[in-house]
Amino acid sequence: MNPIAYLPALGLVNALGSGAAEVCDGLLRGDTTGMRCEDGWLPSRPARVGRARITDLPALPARLAQHDSRNNRLLLAAYAQIAAEVDAAIARFGPQRVGVVLGTSTSGILEGEAAVAHHARHGALPAGFHYGLQELGDAARCLADLLGLSGPAYTVSTACTSSAKAMVSAQGLIRAGLCDAVIAGGVDTLCRLTINGFSSLEATTADLCNPMSANRQGINIGEAAALFLVSREPAPIALLGAGESSDAHHVSAPDPTGRGAEAAIRQAMAQAGVAPEHIAYLNLHGTATPKNDEMESQAVARIFPAGVPCSSTKPLTGHTLGAAGATELAFCWLALSPHNVGHRLPPHVWDGCADPALPELNLVRAGDTLATHARRVMLSSSFAFGGSNCCLAIGDAA
């Protein structure tokens, strides 16, 4: 199909680094050094987390003080990398024709935690604390206010599919003719609420997460921001298709058969107009939890009986939750971009101990390269609590 949603610019910050060049280098090397064990997140033990590898986060202008949170500062760090392209789009189309769609699950909860602790000690919230920065819509409003945009500006929060669905929404705004360009992606920040929440579900591990292994024990939480400029004007890389489904199987456990995941992946390929044999790479959701890896491997094996190069990149960044969909789509963008001079694929970092209970997948090894295809098309899958599934297809526009 003729793509309408093109992806001319990308800004990102995560445990691999800041900026396309640095992140691409760490991604293709399988760099796990950003995954750190830190005290203070859990009451009785350290937590392994993917802290964003950036020296200084930008400050918000004084007029946006009510939005001042680590989440929004991470967002601005990613935005700064594509500011020139965004400014050009605003000048070309007008502020009313440029939208903002972001995904998040934390927003300013980190600052909310500090405010509650301050209240417990002093009987009052800290001076200057704005409750609104905890609201899920704050990130999109912050960026729209910063840039003076009057187009659609909203946040999607569907747990771990949030920013993948934000990309679908951006595609929809352009296809519907409501916007000529959209700043889309996601941002999430480390905070005690999510780390303790996943720990209470016995879903985390202090070791490096180990997707698809017989020894997998759970996830590591990470933080990240990933922002795309999505435009109707042609660019080398495009968002070719998207698929969404809902299992409604369980509030936190996926459908063990993987049928909802399979439906989303097949829908993304159908919208992109490609068959399974045309897919050059699949970025797995790959959380390293027993249930996710079990259902995902079944879905992938059914769709790709001849195999497809695939990997989970969560050992490199942690599970960035609301930012995961956009972050992992960004990894596909980087693999297709000129930053990837060796045409390598993101490696699957694990202990190499396959689980005999799972279908065998074609997991990417360090140094594996992109096979020659008539069209280079990649998929990125995201799955979330409540049975929310989303898959994005990205590839060469021409």
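- Using a distance-only test at 3.5 Å, with no hydrogens or angles considered, no donor-acceptor pair links the side chain of H343 to the main chain of D368.
- Counting heavy atoms of neighbouring residues, nucleotides and ligands inside a 6.0 Å radius, atom CD of E202 does not exceed 12 of them.
- Using modelled atom types and a 3.5 Å distance limit, the side chains of S199 and R45 yield a donor-acceptor pair.
- A donor-acceptor contact shorter than 3.5 Å links the side chain of S69 to the backbone of N72.
- In this structure, G318 and M35 approach most closely via the heavy-atom pair N-SD, 3.3 Å.
- Under a hydrophobic clustering in which Ile, Leu, Val, Met, Phe, Trp and Tyr are joined whenever their side-chain heavy atoms come within less than 4.5 Å, directly or via other members, L75 and L110 fall into different clusters.
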*asked:* Please determine whether side chain to side chain contact (heavy atoms under 4.5 Å, CB included) holds for the pair L370 and M378, giving the CA-CA distance in whole Å, both sets of side-chain angles, and the decisive distance to 0.1 Å.
replied: CA-CA 10 Å; L370 193 61; M378 297 183 175; 3.5 Å; yes

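- The heavy-atom pair separating D207 from R48 by the smallest distance is C-NE, 3.4 Å.
- In the model, T33 has a side-chain atom that pairs as donor or acceptor with a side-chain atom of R53 under 3.5 Å.
- Taking each heavy atom of I195 and A47 in turn, the nearest pair found is CG2-CB, 4.2 Å.
- With hydrogens and angles ignored, the 3.5 Å screen pairs a side-chain donor or acceptor of R192 with a backbone N or O of G40.
- Residues V100 and T155 form no side-chain contact, since every pair of their non-hydrogen atoms from C-beta on lies 4.5 Å or further apart.
- Remark: side-chain polar atoms of S388 are not paired, donor with acceptor, to backbone N or O of T161 under 3.5 angstrom.
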*Verdict with reasoning, Q171 to V182, per side chain to side chain contact (heavy atoms under 4.5 Å, CB included)*: CA-CA 8 Å; Q171 180 193 50; V182 181; over 6 Å; no

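- Considering CG of L190 and CD1 of I109, their distance stands at 14.0 Å, rounded to 0.5 Å.
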_Would E233 and F93 count as a side chain to side chain contact (heavy atoms under 4.5 Å, CB included) here? Give the steps._
CA-CA 11 Å; E233 292 196 321; F93 303 125; 3.7 Å; yes

*Check the pair T317, N14 against side chain to side chain donor-acceptor pair (under 3.5 Å), reporting the backbone distance first and the verdict last.*
CA-CA 6 Å; T317 63; N14 53 55; over 6 Å; no

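- The two residues S162 and A159 have their closest heavy-atom pair at OG-O, 2.6 Å.
- Between C24 and L28, the closest side-chain pair of non-hydrogen atoms falls below 4.5 Å.
- When only modelled atom types and interatomic distance are considered, D351 and S213 share a side-chain donor-acceptor pair under 3.5 Å.
- By the 4.0 Å N-to-carboxylate-O rule, R141 lies too far from D138 to be salt-bridged with it.
- To the nearest 0.5 Å, the span separating CD on E22 from CG on D31 amounts to 9.5 Å.
- Between P236 and D396 the shortest side-chain heavy-atom distance does not fall below 4.5 Å.
- How far SG of C332 is from CG of L379: 7.5 Å, rounded to the nearest 0.5 Å.
- In this structure the side chain of H130 never reaches within 4.5 angstrom of the side chain of H67, judged on heavy atoms.
- By the 30° and 60° cut-offs, the orientation of the rings of H122 relative to H118 is tilted.
- For the 3.5 Å distance criterion, the side chains of S157 and S105 fail to qualify, holding no donor opposite an acceptor.
- A distance-only check finds no donor-acceptor pair linking the side chain of R232 to the backbone of A5 [under 3.5 Å].
- In this structure, S311 contributes its side chain and P346 its backbone to a donor-acceptor pair below 3.5 Å.
- Cluster annotation: I219 and F331 are assigned to distinct hydrophobic clusters (Ile/Leu/Val/Met/Phe/Trp/Tyr, side-chain heavy-atom contacts under 4.5 Å, transitive).
- Although no hydrogens or angles enter the test, the distance criterion places a donor-acceptor pair under 3.5 Å between the side chain of S312 and the main chain of G286.
- At least one side-chain heavy atom of T313 sits under 4.5 Å from a side-chain heavy atom of E328.
- The side chain to side chain donor-acceptor pair (under 3.5 Å) check on E262 picks up R259, R266, R302, with sequence neighbours excluded.
- The line from CD1 of I265 to CG of N389 is 8.5 Å long, rounded to the nearest 0.5 Å.
- Here the closest non-hydrogen pair linking L60 and C142 is CD2-SG, 3.8 Å.
- You'll find the side chain of L284 stays beyond 4.5 Å of the side chain of S381, heavy atoms only.
- When the side chains of ILVMFWY residues are joined at heavy-atom separations under 4.5 Å, either directly or via intervening members, L178 and L102 end up in two distinct hydrophobic clusters.
- A donor-acceptor pair under 3.5 Å links the side-chain atoms of Q298 to the main chain of P256, judged by distance alone.
- Panel note: side chain T104, backbone V187; a donor-acceptor pair is recorded below 3.5 Å.
- Side chains of S18 and Q81: a donor on one and an acceptor on the other come within 3.5 Å.
- Under 4.0 Å is where a charged nitrogen must lie from a carboxylate oxygen, and between D355 and R216 at least one such pair does.
- A single hydrophobic cluster is not seen to contain both L229 and L239; linkage of ILVMFWY side chains at heavy-atom distances under 4.5 Å, directly or through other members, places them apart.
- Ring-plane geometry between F198 and H319 is classed as tilted, the angle between the planes lying from 30 to 60 degrees on a 0 to 90 degree scale.
- Counting only heavy atoms from C-beta outward, the side chains of C209 and W350 never approach each other to under 4.5 Å.
- To the nearest 0.5 Å, atom OH of residue Y79 and atom CG of residue L227 are 10.0 Å apart.
- Remark: D68 engages R73 in a salt bridge, criterion side-chain N to carboxylate O under 4.0 Å.
- Other cluster members for V341: none, since no ILVMFWY side-chain heavy atom sits under 4.5 Å from it.
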*Stepwise, does the side chain to side chain contact (heavy atoms under 4.5 Å, CB included) test hold for N362 with F304?*
CA-CA 10 Å; N362 181 12; F304 302 98; over 6 Å; no

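- Q271 places a side-chain N or O within 3.5 Å of a backbone atom of A242 that can act as its donor or acceptor partner.
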*Would you sort out whether E244 and K165 count as a salt bridge (charged side-chain N to carboxylate O under 4.0 Å, His left out), showing the intermediate values?*
CA-CA 8 Å; E244 298 175 274; K165 287 180 171 284; 2.7 Å; yes

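- Using a 4.5 Å cut-off between side-chain heavy atoms of Ile, Leu, Val, Met, Phe, Trp and Tyr, with links allowed through other members, I183 and L10 fall into different hydrophobic clusters.
- The environment of CD in E360 is sparse: at most 12 heavy-atom neighbours from other residues, nucleotides or ligands sit within 6.0 Å.
- Between the side chains of D188 and T320, no donor-acceptor pair of N or O atoms lies under 3.5 Å.
- When all heavy atoms are compared, the tightest approach of G260 to D247 is CA-OD1, 3.0 Å.
- Taking 4.5 Å as the limit, every side-chain heavy atom of D255 sits out of range of all side-chain heavy atoms of M295.
- Here the rule is side-chain contact (heavy atoms from CB on, under 4.5 Å) with M167, and of V156, L7, V101 only L7 fits it.
- Side-chain atoms of Q134 and E113 form no donor-acceptor pair, as typed in the model, at a separation below 3.5 Å.
- Atom CD of E223 is separated from atom CG of L321 by 11.0 Å, given to the nearest 0.5 angstrom.
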